[in-house]
Enquirer: 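Quick one: structure below, then a few questions.
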Amino acid sequence: MKLSALNDMQQKAVLQTEGPVLILAGAGSGKTRVLTHRIAYLIEEKGIRPQQILAITFTNKAAQEMKERVEAQIGVLCRDMWVSTFHSTCVRILRMNIDKLGYDRSFVIYDMDDQKRLLKECYKQLNIDDKAWPLASTHNEISSSKDELISPEEYEKQAGADFRRQKIAQVYHLYQKKLQGNNALDFDDLIFKTVQLFTLHPDVLEYYQDRFQYIMVDEYQDTNTSQYQLIRLLASKYKNLCVVGDDDQSIYKFRGANIHNILDFEKDFPKALVIKLEQNYRCSKSILDAANQVISNNRGRKAKTLWTDNPEGTPIQKIETQNEYEEAEYVAKQIIEEIEEGREYKHIALLYRTNAQSRVLEEKLIRANIPYRLYGGVRFYERKEIKDLIAYLRTIANPSDDIAVQRIINVPKRGIGNTTVDRIIEFAHTEAYDFFDVLLAADEIPVLQRAASKLKAFANMMISFQHQVPHIKLVELVEQILKDTGYLQELERENTDESEGRIENIKEFISKVADYEQSADEPSLSGLLEEISLVADIDNYNEENNAVSLMTLHSAKGLEFPCVFITGLEEGLFPSYMSIASGDEQDIEEERRLCYVGITRAEQQIYFTHARSRMVRGNTQYNRMSRFLEEIPVYLYGETEEKEFRPTSNTPIFQQNKVNIPTRKVKIDMPTPTHFQLTFEEGDQVKHKKFGQGVVLEIRPAGADYEVTVDFGEKGIKKLMAHLSKLQKADH
DNA sequence: CTCCTTTGTCTTTTT
DNA sequence: GACAAAGGAG
């Protein structure tokens, strides 16, 4: 086995196979290489069997790559080696054992949307007003409690006399009861229930301890308490635990990530060997310097200095524009320049803090005929038509899944309205039936008499699908559903751009099902559903596809690109308004780490852009340049510190052509009028819905719209966006 | 029961 | 601006 390709520290990390090891791996320091070599070394030199190894990665994509790399290196397939994410690992364990916790082994996994629906149901049943108790915050509280391994009972105990927390405890209880009744787990349950399984059933724990004698965890800085406990339990017998992480890249606090897991590793595992990988192989010197300068403003870090032998490289670029449209135009123009100088599309990434920022960028890329691919945002499996189809599949796989049944009971329309559905829920609840069972017994229930025939027809159709499952292929099942329910027919009848897009998506879904059926070891309906619920969008990242990548800074973690644009570097956007307003320096520090992650994605070239004004949620904001850019010393920006970009009115690249986006249909509503036609001028009388009639004092262009100052007399002088507020010219 | 319009809230980030 | 929920008409 060749270790000569590794530096001293990397070799040390590979060779120390026994006992607890903490690898502090700076950005671009070759940690993936270390991990794959380590696994290969375990198998080849130490004679460890692949099935004794468990490696946890952050994404499915990373897992797959790591496995392939190991297999390529040792020339043997390792089918029994578990390389996967926390969630997938837990699902695998639970599928074998969850009956011990009173669930059925064919449980389904609820995504965010399902979770919210179920919560809403709880609200209804408990008579809780979602105005006074925002759904999102309740959901958040329950989710983070689960991350902290706090059960409903425990939560209630801790709530004490606190009214708010008592109320949430009530919801949490019911929510959990309903999940179990639907034979469903949410994301957080996957980990929580596995820990519970291990704590309540030591024999099961011991089985997995003996099986996984060598455990490795990547991106350890982003593990939360429940994940930590899971690993601690699994590793406690043999203690061959190797964790890899970088405290400077911890960016998932909002998801419960506990940075102390990595900061206190040596406390938890006293004899741990700590190895620091400090040589960066990825970034040019300028880029790394910039990143180091930014992150040096954080306190409470593990001491380390990331350095590189790489050349200085080209200076980093900082560009200011008037607004987000010009920012996007600059980016598009600059991408074209990069391409002309020989860069490939797939080597360019466009990063931003919030998903909402992608729209304007997409628009300009399309006009400039630049192929791109969008990751995140509205995910493929979250689209209405896809979720509908999945709900059908879920109903077939698990009729107890009330949320799925309710989603599709009247999609497409079969004359089963809200009133009927409410009555079914009511009845199911008082008599403790599954929603689906009520459908079958509808004609015996007085309040459902009128709808009974429709309900039974629906239920029978689902049952007949169920009977078919063992005999036909999954693809055929999906096609059968589309046909028998009339779903496809209805879309075809609509015949709009939108419905066409939906049909496209359905076709893509079918081909994904076919892919699954071909590639899976033992394809099954529940296996398909599981895969669907656990894939992240980034898992579909594909090098083959020669297109610019657009994604949030969070999604970019673990990836690298020769050329990176980070857009929207403005106070209030990045760092986010929330982190500034909280007044907690720790929140700013998390944003700064996110910035650090962003910068260190770049190998050769990085561009920072910020806009003086930007539309956020319908109104224009004026933001100062981000503090993070102030933290980068001037000399790194090259000769000209700040450049300003001014588009010329007829920049040739922005033709109105649409471009075909290769694989995924991206939802964009084009074209957005660049020049909104005003029907009035200064001095005219205009009408407004709320304020009535007024006189136009001033008109200023702002993005695609105009900012108009109007004197509404006693209602005051207002600044309005002409298009947005639908200002109309009025006669006297 | 369905379709259409209006209203209000919202967003940081995601397995 | 986007989307869901609520309200009103047929």
Side-chain angles (χ1 to χ4, degrees), chain A residues 56-63 84-91 109-113 115-117 120 130-131 134-137 140 143 146-147 185-191 219 222-224 226-227 250-257 351-357 359-360 375-379 381-382 384 410 412-421 450-451 454 533-539 551-557 568 572-582 587 590-591 593-595 597-598 615-620 667 669 672 689-690 703-705 721 723-726:
Chain A
I56 304 278
T57 57
F58 200 67
T59 62
N60 295 298
K61 171 98 182 151
S84 62
T85 62
F86 270 107
H87 296 268
S88 303
T89 306
C90 288
V91 170
I109 300 160
Y110 275 7
D111 69 9
M112 188 98 96
D113 184 59
Q115 295 168 31
K116 293 248 165 94
R117 280 168 195 255
K120 217 171 272 177
D130 63 355
K131 297 252 165 17
L135 211 68
S137 70
N140 217 345
S143 168
K146 289 185 179 185
D147 288 344
L185 303 189
D186 65 18
F187 282 130
D188 308 304
D189 277 343
L190 295 176
I191 321 283
E219 308 283 6
D222 282 321
T223 51
N224 62 33
S226 57
Q227 292 165 339
S250 165
I251 54 173
Y252 280 104
K253 189 167 152 211
F254 70 94
R255 206 167 81 186
L351 309 181
Y352 36 79
R353 178 67 238 267
T354 65
N355 283 306
Q357 287 166 257
R359 247 197 72 239
V360 178
Y375 300 90
V378 185
R379 286 202 207 86
Y381 292 117
E382 282 167 16
K384 267 191 209 71
N410 199 29
K413 308 247 176 313
R414 5 181 120 81
I416 303 172
N418 280 331
T419 337
T420 310
V421 171
R450 212 145 49 98
K454 292 171 191 160
S533 19
L534 294 179
V535 290
D537 213 35
I538 209 71
D539 291 333
M551 64 186 85
T552 62
L553 287 145
H554 281 88
S555 300
K557 185 166 95 157
L573 185 63
F574 189 25
S576 75
Y577 173 74
M578 296 295 257
S579 67
I580 297 172
S582 83
D587 290 341
E590 173 126 338
E591 298 277 312
R593 289 194 291 272
L594 188 56
C595 185
V597 167
M615 275 267 231
V616 180
R617 289 212 304 278
N619 45 18
T620 311
K667 193 190 131 205
D669 292 318
T672 306
K689 211 168 42 175
K690 262 202 193 113
D705 205 340
M721 300 307 285
H723 183 61
L724 204 60
S725 54
K726 304 196 178 71

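Just so we're on the same page: letters track the sequence lines, and every chain starts at 1. Excluded from the calculations below are hydrogen atoms, water molecules and symmetry mates; all remaining heavy atoms, backbone and side chain alike, are included.
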Enquirer: Answer yes or no: does a side-chain N or O of A:Lys413 lie under 4.0 Å from OP1 or OP2 of B:dC3?
Expert: yes

Enquirer: Is the side chain of A:Arg593 donor-acceptor paired with the backbone N or O of A:Ser250 at a distance under 3.5 Å, no angle test?
Expert: yes

Enquirer: Examine B:dT13: is either OP1 or OP2 under 4.0 Å from a nitrogen or oxygen in the side chain of A:Asn355? Give yes or no.
Expert: yes

Enquirer: Does A:Lys253 reach a base, just sugar-phosphate, or nothing at all? Heavy atoms under 4.0 Å.
Expert: nothing

Enquirer: Report yes if a side-chain nitrogen or oxygen of A:Thr420 is closer than 4.0 Å to either non-bridging phosphate oxygen (OP1 or OP2) of B:dC1; otherwise report no.
Expert: yes

Enquirer: Does any non-hydrogen side-chain atom of A:Leu351 lie less than 4.5 Å from one of A:Met551?
Expert: yes

Enquirer: Between atom CG in A:Leu135 and atom C1' in C:dC3, what is the gap in whole Å?
Expert: 15 Å

Enquirer: From NZ of A:Lys120 over to P of C:dA4, roughly how many Å is that when rounded to an integer?
Expert: 9 Å

Enquirer: Expressed in angstrom and rounded to an integer, what is the separation of A:Met112 atom CE from B:dT11 atom C1'?
Expert: 11 Å

Enquirer: Using the aromatic ring of A:Phe254 (for Trp, its six-membered ring), decide whether it stacks on the base of B:dT12 within the limits of 5.5 Å and 30°.
Expert: no

Enquirer: Rounded to whole Å, how long is the line connecting atom CG of A:Asp188 with atom C1' of B:dT15?
Expert: 9 Å

Enquirer: Could you check whether A:Glu591 gets within reach of a base, just the sugar-phosphate, or nothing at all, counting any heavy atom under 4.0 Å?
Expert: base

Enquirer: In Å and rounded to the nearest 0.5 Å, what is the CZ to OH distance from A:Phe187 to A:Tyr110?
Expert: 13.0 Å

Enquirer: Nearest heavy atom decides the nucleotide; on that basis, is A:Phe86 or A:Ala136 closer to the 5' end of DNA chain B?
Expert: A:Ala136

Enquirer: In whole Å, what is the span from the OH atom of A:Tyr252 to the C1' atom of B:dT14?
Expert: 6 Å

Enquirer: Ignoring backbone atoms, establish whether A:Ser576 has a side-chain N or O less than 4.0 Å from OP1 or OP2 of B:dT13.
Expert: no

Enquirer: With P as the reference atom in both, quote the distance from C:dA4 to B:dT13 in angstrom, rounded to an integer.
Expert: 16 Å

Enquirer: Report the residues that fulfil side-chain hydrogen bond (donor to acceptor under 3.5 Å, both in side chains) with A:Asp189, sequence neighbours left out, ordered by chain and then residue number.
Expert: A:Lys146, A:Gln176

Enquirer: Going by side-chain hydrogen bond (donor to acceptor under 3.5 Å, both in side chains), name the residues that satisfy it together with A:Asp587, two or more places apart in sequence or in a different chain.
Expert: A:Lys253, A:Ser582

Enquirer: Considering heavy-atom distances to DNA chain B, does A:Thr419 or A:Glu590 have its closest nucleotide positioned more toward the 5' end?
Expert: A:Thr419

Enquirer: Report the distance from atom CG of A:Asn410 to atom P of B:dT2, rounded to the nearest whole Å.
Expert: 5 Å

Enquirer: Has the side chain of A:Asp222 got a donor or acceptor atom that lies under 3.5 Å from a matching backbone atom of A:Ile251?
Expert: yes

Enquirer: For A:Gly572, is there any backbone N or O sitting under 3.5 Å from a side-chain donor or acceptor partner on A:Ser576?
Expert: no

Enquirer: Rounding to a whole Å, what distance do you find between A:Gln115:CD and B:dT15:P?
Expert: 13 Å

Enquirer: Mind checking if A:Thr552 touches a base, just sugar-phosphate, or nothing, with heavy atoms under 4.0 Å?
Expert: sugar-phosphate

Enquirer: Counting heavy atoms not belonging to A:Phe254, are there more than 12 under 6.0 Å from its CZ?
Expert: yes

Enquirer: Counting just side-chain N and O atoms, does A:Asn224 come under 4.0 Å of either OP1 or OP2 of B:dT15?
Expert: no

Enquirer: Under 3.5 Å for both pairing distances: what stems, at least three Watson-Crick or G-U pairs long, include DNA chain B?
Expert: B:1-10 with C:1-10

Enquirer: To the nearest Å, how far apart are A:Gln227 CD and B:dT14 P?
Expert: 16 Å

